Asks: 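Submitted below is the structure of interest, expressed as structure tokens.
We count ligands from 1, going down the list as the structure has it; atoms in each ligand are counted the same way. Residue numbers run from 1 in the order of the sequence given. Just so it is clear, the values below take in all heavy atoms, side chains as well, and ignore hydrogens, waters and symmetry mates. Worth saying up front: this structure is predicted, and the values here are computed from it rather than measured.
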Amino acid sequence: MAHFLGLDSSTQSLSAIVVDTDSGQVVASRNVVFGERLPGYGAPKGFRPNGDPQVVESDPLMWVEALELVLADLRAAGVDLSRIRGVSGAGQQHGSVYLARSLDTVGGDWAEGVPLRDQIAPLLSRQLSPIWMDSSTSVECAEIAAAVGGDARVVALTGSRAIERFTGPQIRKFAKQQPAAWERTAEVHLVSSFMASVLAARSVPIDLGDGAGMNLLDLAAGAWSAPLLEATAPGLGARLKAPVASATHVGLLAPYFVKKFGFAPRTPLVAFTGDNPSSLVGMGAVAPGHLVVSLGTSDTVFAAMAEPRVDPNGYGHVFGNPAGGFMALICVANGSLAREEVAKRAGLDWTAFARGILEQTAPGNGGNLMMPFFVPEITPRLAAPAPRWLGAASFVAGQDPAASARAVVEAQALNLRLHAAFVGEAVDTILVTGGASQNPAILRILADVFQARIVPLAVGNSSAVGAALRAAQAFEGQPWPALFSKFCAPDETRAVRPDPSTQAVYEELGTRFAGQVAEMVASGFVKR
Ligand code: XUL
């Protein structure tokens with residue numbers, strides 16, 4: 001029987017899923033939530049609180065420890081890891097790990113009996129990794145764009161403007177602010193390639209899917225762009241391996257994992273990719289024509305693209321499609337953290353949150369509109385946390401919990417709708433994934449705001465599923481449609497149809513929301 005392991009190292013947790021491609025069954029899945037299982041890292045939500053809201057960092061050793069925990073959890077659950085025929089994975093995009101020695105110097109194995117984190121700690125040239133929520137590099141973005149001839153050239157080469165959270169601007173800031181540590185850095189990894197390298201105990205290259213989120217990849221050439229490398233940091237080209245296609249067989253699981261967790265000797269690894277590209281696979285959406293909304297720590301909207309096309313408004317990105325070609329994406333930073341913040345202020349658990357929306361409030365929320373921005377926002381570009389409220393003066397979370405719950409979700413859906421045009425043509429069905437897609441009230445609001453049928457899949461965690469399917473496709477050569485029919489089936493029992501009678505309400509609210517966003521952007525919340 002053919003079992004494949006998919007891993008997903010995301011902002012708040014690390015997940016693992018084992019699929020059996022013969023039976024079409026999910027054999028097991030486990031999730032290690034960093035804040036719960038590894039509280040010693042001081043990162044309750046997966047990143048370290050920082051006095052500056054624009055600086056967001058995580059400890060890569062936390063990811064390494066979580067990797068050992070999740071594999072131990074699978075074993076403890078009775079999963080026979082010796083049956084795994086291939087492993088791949090995904091990582092939160094854009095985050096970077098800095099190493100003083102290339103992981104190739106590790107030589108393909110870790111010392112037995114010594115925890116991995118203790119072996120990797122001395123290799124780091126920077127203790128903390130900037131992650132995708134960091135928005136502190138506006139200056140570096142402007143410098144990079146100026147050095148290569150302007151924003152339009154960065155967009156033409158990489159598919160995105162120079163973007164604060166993207167790896168190139170982050171590398172530039174590090175090299176400028178800590179030149180000695182940059183000098184000591186021998187190798188830079190993305191979260192995805194770092195996790196793959198840990199498993200291989202040697203340096204695994206970045207894939208084209210995730211590599212496109214760095215402001216360094218020449219999309220047309222599928223290679224690092226010489227002018228961008230040069231504009232970013234001295235000697236950067238020597239610190240990155242050439243990027244590889246996502247289906248590349250990049251090595252073998254180190255014997256350390258074979259001995260400790262019972263994998264078969266010489267278990268092969270496929271290149272890891274970004275969580276969103278991996279999710280494109282896990283949603284069965286690698287061909288154009290499917291639109292996906294992912295509701296996680298970040299909310300994203302993405303779709304496969306026939307030809308690379310750039311966002312005239314500067315928000316959208318072009319990443320690599322792991323099945324070949326490209327994908328379009330927009331990303332909203334105020335996803336689950338904003339929903340959780342409102343739920344907390346309103347004193348609601350998720351059941352009460354959903355009930356408040358469905359039973360105690362009506363579409364349009366009596367005209368109450370929230371600007372749902374609690375951390376610096378990517379789409380639209382807003383520098384400061386700016387919880388702003390419109391409507392009745394008394395409308396404050398805590399005083400009207402149900403209305404607050406509806407307000408945050410309606411505003412988030414309107415924000416996605418406002419900015420999603422670049423990603424794909426209006427469709428009558430939208431696939432939905434991510435933790436919040438379990439919530440029927442959120443699906444109802446999405447259906448009504450987008451006037452589209454909202455369809456979750458039967459198997460959750462599309463990013464980890466996508467990783468397992470990529471491993472299966474690479475090693476077994478099974479066609480994508482065969483894998484999708486087994487693991488990406490819609491859950492029609494939870495699908496939600498739009499209510500046409502709500503259309504006018506959301507047109508009116510959407511117009512007000514767009515006006516308010518324009519006002520915020522014009523009034524100095526914008527960074528540059
Ligand atoms: C995408 C992005 C986020 C992270 C979160 O551009 O920044 O969706 O990938 O995991």
Side-chain angles (χ1 to χ4, degrees), residues 7-15 31 33-34 43 45-47 54 56-58 63 89-96 129-137 141 158-170 190-195 206-207 209-217 272-283 292-303 311 314-322 326-338 375-379 381 412 415-416 419-420 422-423 433-437 461-464 466-467:
L7 298 164
D8 176 31
S9 183
S10 71
T11 313
Q12 304 200 47
S13 66
L14 193 147
S15 322
N31 183 241
V33 178
F34 305 133
K45 301 279 180 194
F47 50 88
Q54 298 198 326
V56 187
E57 294 170 318
S58 288
W63 306 328
Q92 52 172 309
Q93 296 197 253
H94 319 298
S96 41
S129 295
I131 66 159
W132 65 273
M133 294 174 73
D134 189 289
S135 57
S136 66
T137 64
C141 288
T158 72
S160 304
R161 300 169 49 157
I163 299 282
E164 281 77 0
R165 70 188 190 285
F166 278 33
T167 325
Q170 294 289 340
L190 290 179
V191 178
S192 56
S193 64
F194 172 66
M195 297 305 277
I206 291 169
D207 87 305
D210 212 10
M214 298 173 79
N215 279 143
L216 291 172
L217 188 75
F272 282 29
T273 191
D275 53 1
N276 292 295
S278 193
S279 220
L280 187 77
V281 176
M283 296 302 286
V292 181
V293 170
S294 170
L295 303 170
T297 307
S298 63
D299 288 347
T300 56
V301 182
F302 55 83
D311 180 5
Y315 288 121
H317 312 302
V318 181
F319 296 148
N321 176 341
F326 301 95
M327 66 183 281
L329 174 139
I330 60 154
C331 175
V332 173
N334 282 274
S336 68
L337 296 183
V375 294
E377 183 48 66
I378 295 165
T379 311
R381 294 163 65 79
Q412 288 179 318
N415 192 40
L416 291 176
H419 295 101
F422 147 77
V423 177
T433 180
S437 69
N461 198 344
S462 50
S463 184

Asks: Relative to the heavy atoms of Thr300, which atoms of ligand 1 are at a distance of less than 4.0 Å?
Replies: 8 (O)

Asks: Give a yes-or-no answer on whether the side chains of Asp207 and Thr273 include a donor-acceptor pair shorter than 3.5 Å.
Replies: yes

Asks: Kindly say whether Gly434 contributes a backbone atom to a donor-acceptor pair with the side chain of Ser294 at under 3.5 angstrom?
Replies: no

Asks: Identify, by atom number and element, the atoms of ligand 1 in contact range of Gln92, meaning under 4.0 Å from any of its heavy atoms.
Replies: 10 (O)

Asks: Looking at Gln412 and Leu295, would you say the former's side chain and the latter's main chain have a donor-acceptor pair under 3.5 Å?
Replies: no

Asks: What protein heavy atom is closest to atom 10 (O) of ligand 1, reported as residue, atom name and distance in Å?
Replies: Asp275 OD2, 2.3 Å

Asks: Name the closest protein heavy atom to atom 7 (O) of ligand 1, giving the residue it belongs to and the distance to 0.1 Å.
Replies: Arg165 NE, 2.8 Å

Asks: Distance under 4.0 Å to a non-hydrogen atom of Gln93: what atoms of ligand 1 satisfy this?
Replies: 1 (C), 4 (C), 9 (O)

Asks: Please state which part of Phe302 comes within less than 4.0 Å of ligand 1, counting heavy atoms only: side chain, backbone, both or neither.
Replies: neither

Asks: For the ring pair Phe326 and His317, is the centre-to-centre distance below 6.0 Å?
Replies: no

Asks: Compute whether any side-chain donor of one residue and acceptor of the other, for Asn276 and Gln93, lie under 3.5 angstrom apart.
Replies: yes

Asks: Number the atoms of ligand 1 from 1 as they appear, then name those within less than 4.0 Å of a heavy atom of Phe319, with their elements.
Replies: 6 (O)

Asks: Will you find, in the side chains of Glu164 and Thr137, an N or O donor that is under 3.5 Å from an N or O acceptor?
Replies: no

Asks: So which heavy atom in the protein is nearest atom 2 (C) of ligand 1, and how far is it from that ligand atom?
Replies: Cys331 SG, 3.4 Å

Asks: Which is closest to atom 1 (C) of ligand 1 in terms of heavy atoms, Ile131, Asp210, Asn276?
Replies: Asn276

Asks: Is His94 close to ligand 1, meaning an N/O of one under 3.5 Å from an N/O of the other?
Replies: yes

Asks: Heavy-atom distances under 4.0 Å are what count here, so tell me which part of Ile378 touches ligand 1: side chain, backbone, both or neither.
Replies: neither

Asks: Would you please say whether a donor-acceptor pair under 3.5 Å links the side chains of Gln92 and Asp275?
Replies: no

Asks: Output yes when the distance from some N or O of ligand 1 to some N or O of Ser298 is under 3.5 Å, and no in every other case.
Replies: yes

Asks: Are Ser15 and Asp8 close enough that a side-chain donor and a side-chain acceptor fall under 3.5 Å?
Replies: no

